[in-house]
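Just so it is clear, the values below take in all heavy atoms, side chains as well, and ignore hydrogens, waters and symmetry mates. Note that the numbering runs from 1 along the sequence shown for the chain.
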Amino acid sequence: MRSVTYSMSVSLDGYIVGPDGDFNWTAPSDEVFRFWIDQTRELGVHLLGRRVYETMLYWETVAEDPSLDDAQREWISVWNPLPKVVFSTTLSTVRGSARLASGTLAEEIERLRAEPGEGDIAIGGATLAAEAAEAGLIDEYRTVVYPVMVGGGLSYFPHRERRVDLELVETRTFGSGAVYLRHRVTR
């Protein structure tokens with residue numbers, strides 16, 4: 001069965017966006033960017049909330065920009081064709097390889113797990129991940145922890161009132177000081 005993963009960059013104090021809405025501290029080094037490209041190659045589909053979808057829409061629009069470097073072009077070649085499911089109550093259309101969700105998050109995940117296909121089911125966005133975590137649908141938490149504390153904002157970790165035991169299955173330290181942590185939910 002395909003795993004559901006929640007992957008994002010996070011500050012040391014647990015936020016994906018600071019109190020002012022800023023996330024420029026997550027700008028990846030070349031090494032981290034290459035890592036994200038490789039991680040994205042392993043995905044079968046990406047589930048996104050509206051805000052993450054709109055942020056990532058940038059990559060659908062810059063493919064012909066002559067100022068892009070080789071790594072950015074490679075990212076576009078991996079990200080743009082990746083199937084995406086967007087959860088939104090305000091969008092009526094989406095672009096590229098995205099489609100609007102036709103069911104609840106749990107229904108979409110159940111449908112995707114039942115379909116033939118390879119690659120993990122990734123979740124992007126704290127609000128969507130919180131819903132998936134509450135339903136017990138996340139199999140792995142994958143973070144790139146940046147050496148910064150932003151003091152508040154949008155938390156990476158869903159606030160819930162039940163314990164979730166995790167097993168550390170992989171780590172990696174980058175030259176920039178960022179650290180990758182991959183934890184599997186133990187059931």
Side-chain angles (χ1 to χ4, degrees), residues 2-18 20-87 91 94-99 112 117-129 138-150 153-154 156-157 168-184:
R2 297 164 82 180
S3 290
V4 176
T5 65
Y6 173 36
S7 303
M8 293 196 79
S9 298
V10 60
S11 65
L12 184 61
D13 55 349
Y15 297 97
I16 60 172
V17 175
D20 56 359
D22 185 34
F23 58 94
N24 68 348
W25 47 270
T26 67
S29 66
D30 291 343
E31 182 184 23
V32 172
F33 192 52
R34 168 75 41 211
F35 174 80
W36 282 124
I37 292 170
D38 292 342
Q39 291 288 302
T40 303
R41 283 185 204 288
E42 298 175 11
L43 300 178
V45 63
H46 206 289
L47 313 181
L48 306 105
R50 180 194 52 80
R51 283 179 286 189
V52 174
Y53 167 74
E54 288 177 340
T55 299
M56 297 303 289
L57 197 54
Y58 166 81
W59 295 105
E60 299 275 346
T61 63
V62 297
E64 301 305 318
D65 185 337
S67 68
L68 294 176
D69 64 29
D70 289 342
Q72 291 169 321
R73 291 186 190 289
E74 186 177 356
W75 167 255
I76 289 169
S77 75
V78 172
W79 176 255
N80 285 0
L82 178 68
K84 299 164 197 77
V85 180
V86 180
F87 293 80
L91 295 175
V94 291
R95 297 168 47 173
S97 61
R99 69 171 173 84
L112 290 166
E118 295 183 18
D120 291 334
I121 300 166
I123 295 178
T127 305
L128 201 57
I138 296 178
D139 300 306
E140 289 189 3
Y141 290 87
R142 300 176 180 185
T143 57
V144 172
V145 182
Y146 281 80
V148 61
M149 293 194 294
V150 297
L154 185 57
Y156 169 86
F157 298 99
L168 180 64
V169 294
E170 185 180 357
T171 65
R172 179 174 173 182
T173 302
F174 299 97
S176 63
V179 177
Y180 172 66
L181 301 170
R182 178 179 164 206
H183 289 89
R184 184 174 298 129

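With a 4.5 Å cut-off on side-chain heavy atoms, Val45 and Arg2 count as touching. The shortest side-chain heavy-atom distance between Trp36 and Ser9 falls under the 4.5 Å cut-off. Between Asn80 and Trp59 the shortest side-chain heavy-atom distance falls below 4.5 Å. The shortest side-chain heavy-atom distance between Thr127 and Phe87 does not fall under the 4.5 Å cut-off. Two residues are said to be in side-chain contact when any heavy atoms from C-beta on lie closer than 4.5 Å; His183 and Val169 fail this criterion. Side-chain contact check for Ser29 versus Phe35: every heavy-atom pair is 4.5 Å or farther apart.
Residues that satisfy the salt bridge (charged side-chain N to carboxylate O under 4.0 Å, His left out) test with Arg95, not counting sequence neighbours, are absent from this structure.
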Show me the donor-acceptor pairs within less than 3.5 Å that the side chains of residues 63-72 make with the rest of the protein, sequence neighbours left out.
{"from": "Asp65", "atom 1": "OD1", "to": "Ser67", "atom 2": "N", "distance (Å)": "2.8"}
{"from": "Asp65", "atom 1": "OD1", "to": "Ser67", "atom 2": "OG", "distance (Å)": "2.7"}
{"from": "Asp65", "atom 1": "OD2", "to": "Ser67", "atom 2": "OG", "distance (Å)": "3.3"}
{"from": "Asp69", "atom 1": "OD1", "to": "Ala71", "atom 2": "N", "distance (Å)": "3.1"}
{"from": "Asp69", "atom 1": "OD1", "to": "Gln72", "atom 2": "N", "distance (Å)": "2.7"}
{"from": "Gln72", "atom 1": "OE1", "to": "Asp69", "atom 2": "N", "distance (Å)": "2.9"}

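Using a cut-off of 4.0 Å between Lys/Arg side-chain N and Asp/Glu carboxylate O, Arg142 and Glu170 are scored as not salt-bridged.
Counting all heavy atoms, side chain and backbone alike, Asp13 lies closest to Ser11 at OD1-OG, 2.5 Å. The heavy-atom pair separating Lys84 from Ser97 by the smallest distance is NZ-OG, 3.0 Å. When every heavy atom of Ala178 is checked against every heavy atom of Val32, the shortest pair comes out as CB-CG2, 4.4 Å. Here the closest non-hydrogen pair linking Ile138 and Ala129 is CD1-O, 3.5 Å. Looking at every heavy atom in both residues, Leu91 comes nearest to Val94 through CD1-CG1, 4.2 Å. For Val10 against Trp25, the heavy-atom pair with the smallest separation is C-CZ3, 3.6 Å.
Within a 6.0 Å sphere centred on CG of Asp30, other residues, nucleotides and ligands contribute 12 heavy atoms or fewer. A 6.0 Å sphere centred on CZ of Phe23 holds no more than 12 heavy atoms belonging to other residues, nucleotides or ligands.
Taking the six-membered ring where tryptophan is involved, the planes of Tyr141 and Tyr6 are perpendicular, since the angle between them exceeds 60° and thus also 30°.
Using modelled atom types, one side-chain atom of Tyr146 and one backbone atom of Thr26 make a donor-acceptor pair closer than 3.5 Å. A donor-acceptor distance shorter than 3.5 angstrom exists from the side chain of Asp139 to the backbone of Val4, with no hydrogens or angles considered. The closest donor-acceptor contact from the side chain of Glu31 to the backbone of Gly175 lies under 3.5 Å.
Remark: Thr5 OG1 to Leu43 CG distance equals 6.0 Å, nearest 0.5 Å.
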